[in-house]
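Since the structure comes first, as structure tokens, the remarks are kept for the end.
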Amino acid sequence: MERLKKAADQTKIAINLPPKWINKYGDFITKNAGAVGQVEGALRSLTYIIPGRFRESEIASESLNSGVQLLSLYHDNLLSGAQAHSPQRKPQTPHNRYTGFYTRKSALYRRTAVSLQVVQFTELLLEMMAKRRGEKARWRVVILLEAVKALCRLILMRLTNSRPLLNPPLPEREIVEEKPVADEEALPSPTSEKTDFSLAGSERWTMPRTSLTLPPLPSSEDISSYLLSKVLTADDIKPPKALLHRVSGLGEAAEVLYILRPVIYASALAYWSQRADGRGKADWRPWLLGLSIEYGARQLASRDLETRRPGGARGLTQLERDELKKRGWGMAWWSMRGAFYENVTRGVILGAAAKLKGKPILDMVGGFVEDYDFLWDQYYFPTATL
């Protein structure tokens with residue numbers, strides 16, 4: 001209780017910081033985005049190399065990991081605002097164009113998406129804390145968190161007029177590099193510049209009459225890639241909300257089924273793993289149920305795509321293809337869950353780790369594998385997707 005009171009007091013202090021300090025902090029993050037990203041990556045990597053991370057110090061290291069993730073979320077918000085107001089706006093990715101459009105359009109979308117991200121960044125920490133109260137308390141927390149995430153996703157789907165969900169639902173970080181003023185001052189004057197029209201190499205050329213400077217062209221070896229990078233595609237000229245098509249009928253049912261799948265799977269896993277007459281985590285029934293729901297959702301979406309969309313899969317935008325590919329790779333996590341992990345994957349992993357024991361450097365790798373085995377075996381969220 002004393003730790004919770006101290007944490008609450010620190011949170012109040014952070015919230016009551018003077019706006020001047022907050023503005024200075026925001027300016028610092030905006031001007032040093034690259035360095036801040038490197039520090040965040042180093043801190044995030046540190047949580048995975050702490051000795052005994054998942055056995056003796058699991059809550060401490062996961063608290064650090066969750067704190068870094070939440071801080072990164074705040075930094076992403078600062079940098080996205082700087083990108084929106086920057087005079088040198090770079091072309092955005094389709095994902096950032098789409099999510100940025102709805103983030104600016106709807107305050108409810110932004111708050112719901114932020115809430116969803118906060119739950120995702122803290123879910124494993126909350127599960128670890130609940131596990132100390134027993135397995136029943138842990139499964140209650142797991143099901144509650146999955147239900148909250150499903151509710152947030154259904155709200156996002158409603159706000160986007162029944163469009164498929166993207167993960168993450170917020171714009172991803174794009175670092176804005178401001179050009180220093182010194183570079184402009186260091187440009188040669190029109191009188192000292194040669195008046196030939198050669199733009200090859202990395203030299204700038206200043207027009208003698210207007211004093212305007214043309215940017216340098218790349219070398220002849222990179223000219224093709226340079227020109228291709230300037231070509232506009234069909235997705236580049238589409239409105240942001242047209243980057244994802246609306247779904248209806250079977251497509252909408254498939255999306256809702258995909259959203260509810262984690263809640264159903266977690267509930268089934270909690271029910272069968274705690275039954276006295278069952279096989280615990282080695283029971284195949286919850287695993288088969290969850291995999292069947294996700295596979296059925298993909299099949300429904302594929303059938304709706306073939307019947308309703310002109311050209312079928314060829315009519316998808318690049319953003320839709322990327323999301324489908326991401327969901328396809330996400331199905332590989334079923335090899336690390338439930339009965340499949342207990343009966344098949346775990347034996348393979350522990351066997352490989354045992355072969356690495358006693359060998360230089362590789363022995364350390366085997367120790368990391370065993371630590372991760374503890375994490376995958378004892379907790380639900382490390383292998384959860386969506």
Side-chain angles (χ1 to χ4, degrees), residues 1-17 21-22 25-26 28-29 35-79 111 113-149 152 167-170 172-173 262 266 270 333 336-337 364 367-386:
M1 291 298 295
E2 293 181 358
R3 292 182 179 179
L4 292 176
K5 290 180 180 179
K6 290 181 180 179
D9 293 339
Q10 292 175 356
T11 303
K12 291 179 181 179
I13 294 174
I15 292 175
N16 294 327
L17 285 176
W21 292 7
I22 297 177
Y25 180 76
F28 174 80
I29 296 299
V36 170
Q38 293 178 357
V39 172
E40 290 173 356
L43 290 175
R44 199 175 293 112
S45 300
L46 181 64
T47 62
Y48 295 100
I49 61 175
I50 295 176
R53 173 182 188 268
F54 303 121
R55 297 179 186 271
E56 290 82 11
S57 59
E58 60 211 29
I59 291 184
S61 57
E62 187 58 32
S63 298
L64 175 61
N65 183 55
S66 298
V68 172
Q69 296 280 17
L70 294 175
L71 188 61
S72 299
L73 180 63
Y74 176 65
H75 291 167
D76 290 343
N77 181 57
L78 293 177
L79 294 174
R111 289 194 294 267
V114 169
S115 301
L116 177 59
Q117 291 285 86
V118 170
V119 173
Q120 288 178 320
F121 292 154
T122 58
E123 59 190 9
L124 179 56
L125 176 62
L126 295 175
E127 183 184 2
M128 288 178 174
M129 297 172 65
K131 186 178 176 63
R132 296 196 169 187
R133 295 177 174 271
E135 284 297 309
K136 289 185 177 181
R138 179 174 78 92
W139 282 116
R140 289 195 192 101
V141 170
V142 168
I143 296 173
L144 176 62
L145 292 176
E146 289 289 13
V148 170
K149 292 193 296 182
C152 289
N167 188 30
L170 292 171
E172 296 177 311
R173 182 177 302 187
W333 279 106
M336 302 296 295
R337 296 183 189 136
M364 183 174 62
F368 281 135
V369 171
E370 290 181 348
D371 285 339
Y372 276 96
D373 169 71
F374 173 79
L375 180 73
W376 296 326
D377 180 60
Q378 296 295 319
Y379 298 101
Y380 167 86
F381 282 114
T383 57
T385 55
L386 190 67

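Because the structure is predicted, anything quoted here is derived from the model rather than measured.
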Roughly how far apart are [X] [atom1] and [Y] [atom2], rounded to 0.5 Å?
| X | Y | atom1 | atom2 | result |
| --- | --- | --- | --- | --- |
| Q117 | L70 | CD | CG | 10.0 Å |
| Q69 | L64 | CD | CG | 10.0 Å |
| D373 | M336 | CG | CE | 8.0 Å |
| C152 | R111 | SG | CZ | 12.0 Å |
| L78 | H75 | CG | NE2 | 6.5 Å |
| Y74 | L79 | OH | CG | 10.5 Å |

inquiry  = Just by distance, no angles: are the side chains of Y380 and E123 close enough, under 3.5 Å, to form a donor-acceptor pair?
reply    =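 There is no such pair between these side chains.
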Evaluate the side-chain proximity of [Y] to [X]: yes if any heavy-atom separation is below 4.5 Å, no if none is.
| X | Y | answer |
| --- | --- | --- |
| M129 | E62 | no |
| D76 | L170 | no |
| L124 | L375 | yes |
| P262 | K149 | no |
| S63 | L125 | yes |
| V141 | L145 | yes |

Closest non-hydrogen atom pair between [X] and [Y], with its separation:
| X | Y | answer |
| --- | --- | --- |
| R173 | S72 | NH2-O, 3.3 Å |
| Y379 | R138 | CA-NH1, 3.9 Å |
| A137 | R133 | CB-CB, 3.8 Å |

key: Under 3.5 Å donor-acceptor, R337 side chain and T383 backbone   =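 It does hold such a pair.
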ask   = Any donor-acceptor pair under 3.5 Å linking the side chain of S66 with the backbone of F121?
value =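 Indeed, once roles are kept as given, a pair shorter than 3.5 Å links the two residues.
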query = Under the criterion side chain to side chain contact (heavy atoms under 4.5 Å, CB included), which of Q120, E146, M128 is the partner of F381?
reply =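 When Q120, E146, M128 are each tested with F381, the side chain to side chain contact (heavy atoms under 4.5 Å, CB included) holds only for E146.
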Test: K131 and E127 ion pair at under 4.0 Å = no
